Amino acid sequence: MTVRVRFAPSPTGELHIGGVRTALFNWLFARNQGGKMILRIDDTDQQRSSDKFLQTILDSMEWLGLDWDEGPRKDGEFGPYFQTQRLPIYQEEVQKLLDSGKAYYCFCSAEELAKQKERNAQKGLPPRYSGACRNLSPQEIEEKKKTCRSFVIRLRVPEEGVTVVNDLIRGRVTFENKIFDDFIIVKSDGFPTYNFASAIDDAKMKITHVIRAEEHLSNTPRQQIICRQLGIPIPVYAHVPMILAPDHSKLSKRHGATSVQEYRDMGILPEALINYLALLGWSPGGDREIMTIEEMISLFSLEKVGKNASIYDLKKLTWLNSHYLRTKEKSIIGEMAVPFLQKKKLISGVQTEEDRKYIEKVVDLVREKVKTLQEIADASEFFFSENFPYDQAEVAKHFGREGAELVIKEIIKALQEVEPFQKETINLKLKNLGKSLNLPLSKINIPARLALTGRTMGPELLEIMVLLGKEKVIERLKKAEALCQKA
RNA sequence: GGCCCCUUCGUCUAAUCGGUUAGGACACCAGCCUUUCAAGCUGGCAGCAGGGGUUCAAAUCCCCUAGGGGUCACCA
């Protein structure tokens, strides 16, 4: 039997790192097993679902390279892959349950139920359904259908016995059936609830392994009860540990960047995010940390997924990102930096071949010092514009001192003589200048760097000079000379 | 509150069947390198939640306690 897994997000928000990690584990498992990855959209919440979220989720998945074999933008033989398009399927199953008495209509209003819950809470009892509509006669049902505005359908849950979840990660987990009340399977708007739709779809889509977050573990027995009542197969479950925020609480917007989109905007590379997330809750064993996607696929196994929740740490993500930033093909990084440079208005929308080459050189030079694509853009401003800012404190310190102007003048004079304007020739000239002025090289380089870039730190000075070209170098030094007089 | 899950450095984790000076990575600190800042290299700091058992031997098996998380929705 070929492995079939699914990732089933609901389009009620952006894809956050917890969700992606679940998607990733599903994907790695499928690819490792030579199975199929199915993407299903659980959009039964009419109020909160939106097409905008659907699109960003799909875009995020594609950006990360987590492709799917069946699903939206793709289709497949077990569709449709949107739950809202599968209503007839659910209706058919509900009817079966209704006919056999395994489910029943409930006419209790939301207000009534809320009151009931409150009463139970006051008595210190668990909030459960009273069973008021459990045994209505056919006549009563017909009558209520006429008088009540709306109704739901509940599943008759056996009161005795236990339901055992066999989880690949957690082992056997046993639940007493008496802790469940008759839960709702069809809402008053006619849409199925999550547990119901999910159980049916997993079976109809021939899902073999349900890999999802641990928060669903407590829901699993309900789904198994549904499966049993419907006589459909129960998949193998694997509940992966949750990802928690640094304060140990459940992930939310107030914890800063949590969605894929935000990381993308920040200038995180997809492979860095994937690599980082793979390490959260899973380890290939040994000392492996940095892995290609192919290595992850071949090394992945659910047995090696841990049981305990993990807390995400931006610092490590950032470290991985800087690693990939430095080691990936420079033309690719150059390409990836383009939107960030555009956003800062350092380059225009269209580039000539020459522009591209220049961008690539700049990016290649700057990437050694930074951790994100955004930082590449921030660090390369002076390569694209004459209006870059000067660090005022450094200006005061280096241009304000006595003799500063003279040094700049000497540098200008020396550089003007350099021909051709290349690393070696410039280097030789500056070294000689240092000797003749009896100054350490740093006393020449630091003011020069400040004049050319506005900062005292950055890529290698000689590289900067060559890339900028003689003309701009001289021009900026002259500007600095003027600053000296003011300082 | 009931039920369920979990617990190795600050964080992510490793440790085939019980025997390890409990390993690695990020972060942090120091040194080296260096024409700045990084990177890189070397070294350092730091952990088996607590208590009972079982055993010649426990991070590892069992029990209890504590702590954390999840779930009990006409959300998924």
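Quantities reported herein were computed from a predicted structural model and do not represent experimental measurements. Convention: sequence-line order gives letters A, B, ...; per-chain numbering from 1.
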Is the distance between the ring centroids of Y90(A) and F191(A) under 6.0 Å?
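Here the rings of Y90(A) and F191(A) have centres that are no less than 6.0 Å from each other.
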Indicate, with yes or no, if the rings of F25(A) and W282(A) have centres closer together than 6.0 Å.
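No: the rings miss the under 6.0 Å criterion.
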Pairwise [atom1] distance for [N] and [M], with rounding to whole Å:
N: rA58(B); M: rG52(B); atom1: C1'; result: 13 Å
N: rA39(B); M: rG47(B); atom1: C1'; result: 29 Å
N: rC3(B); M: rG50(B); atom1: P; result: 26 Å

List the steps and the verdict of ring-ring contact (aromatic ring centres under 6.0 Å, His included) for Y194(A) and H216(A).
CA-CA 11 Å; Y194(A) 165 73; H216(A) 291 291; 5.3 Å; yes
Is it possible for you to check whether R326(A) lies under 6.0 Å from the centre of the six-membered ring of Y324(A), through NZ or CZ, and within 45° of that ring's axis?
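No.
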Nearest of [options] to any side-chain atom of [X]?
X: L280(A); options: rC12(B), rU11(B), rA76(B); value: rC12(B)
X: F175(A); options: rU7(B), rC5(B), rC3(B); value: rC3(B)
X: D42(A); options: rA76(B), rA25(B), rU35(B); value: rA76(B)

Using side chain to side chain donor-acceptor pair (under 3.5 Å) as the criterion, point out the one residue from E215(A), E214(A), R170(A), R212(A) that pairs with H239(A).
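The side chain to side chain donor-acceptor pair (under 3.5 Å) with H239(A) is passed solely by R212(A) among E215(A), E214(A), R170(A), R212(A).
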Between the base of rG69(B) and the side chain of E215(A), is one N or O donor paired with an acceptor at under 3.5 angstrom?
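Flag unset: no donor-acceptor pair detected.
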Whole angstrom value for the distance that separates [atom2] of [N] from [atom1] of [X]:
X: E463(A); N: rA38(B); atom1: CD; atom2: P; result: 19 Å
X: D313(A); N: rC28(B); atom1: CG; atom2: C1'; result: 12 Å
X: K369(A); N: rA38(B); atom1: NZ; atom2: C1'; result: 5 Å

Is the Y105(A) ring parallel, tilted or perpendicular to the F151(A) ring (thresholds 30°, 60°)?
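Rings of Y105(A) and F151(A): perpendicular, over 60°.
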When you compare the side chains of H255(A) and D247(A), does any donor N or O come within less than 3.5 Å of an acceptor on the partner?
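Yes, because at least one side-chain N or O of H255(A) sits under 3.5 Å from a partner of the opposite role on D247(A).
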Give none if rA14(B) has no partner; otherwise give the nucleotide forming a Watson-Crick or G-U wobble pair with it, both distances under 3.5 Å.
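Answer to the pairing question: none, since rA14(B) forms no Watson-Crick or G-U pair.
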Could you check which nucleotide pairs with rC48(B) in any of the strands shown, counting Watson-Crick or G-U wobble with both distances under 3.5 Å?
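Result: none.
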Taking syn as any angle within 90 degrees of 0 and anti as the rest, which one fits rC9(B)?
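What rC9(B) shows is an anti base, its glycosidic angle lying more than 90° from 0.
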Could you list the protein-to-nucleotides 73-75 of chain B atom pairs, N/O on both sides, closer than 3.5 Å?
residue	atom	partner	partner atom	Å
rA73(B)	OP2	P127(A)	O	3.2
rC74(B)	O2	S188(A)	N	2.7
rC74(B)	O2	S188(A)	OG	2.5
rC74(B)	N3	S188(A)	OG	3.1
rC75(B)	OP2	K187(A)	NZ	2.6
rC75(B)	O2'	D45(A)	OD2	3.0
rC75(B)	O2'	R48(A)	NH2	3.0

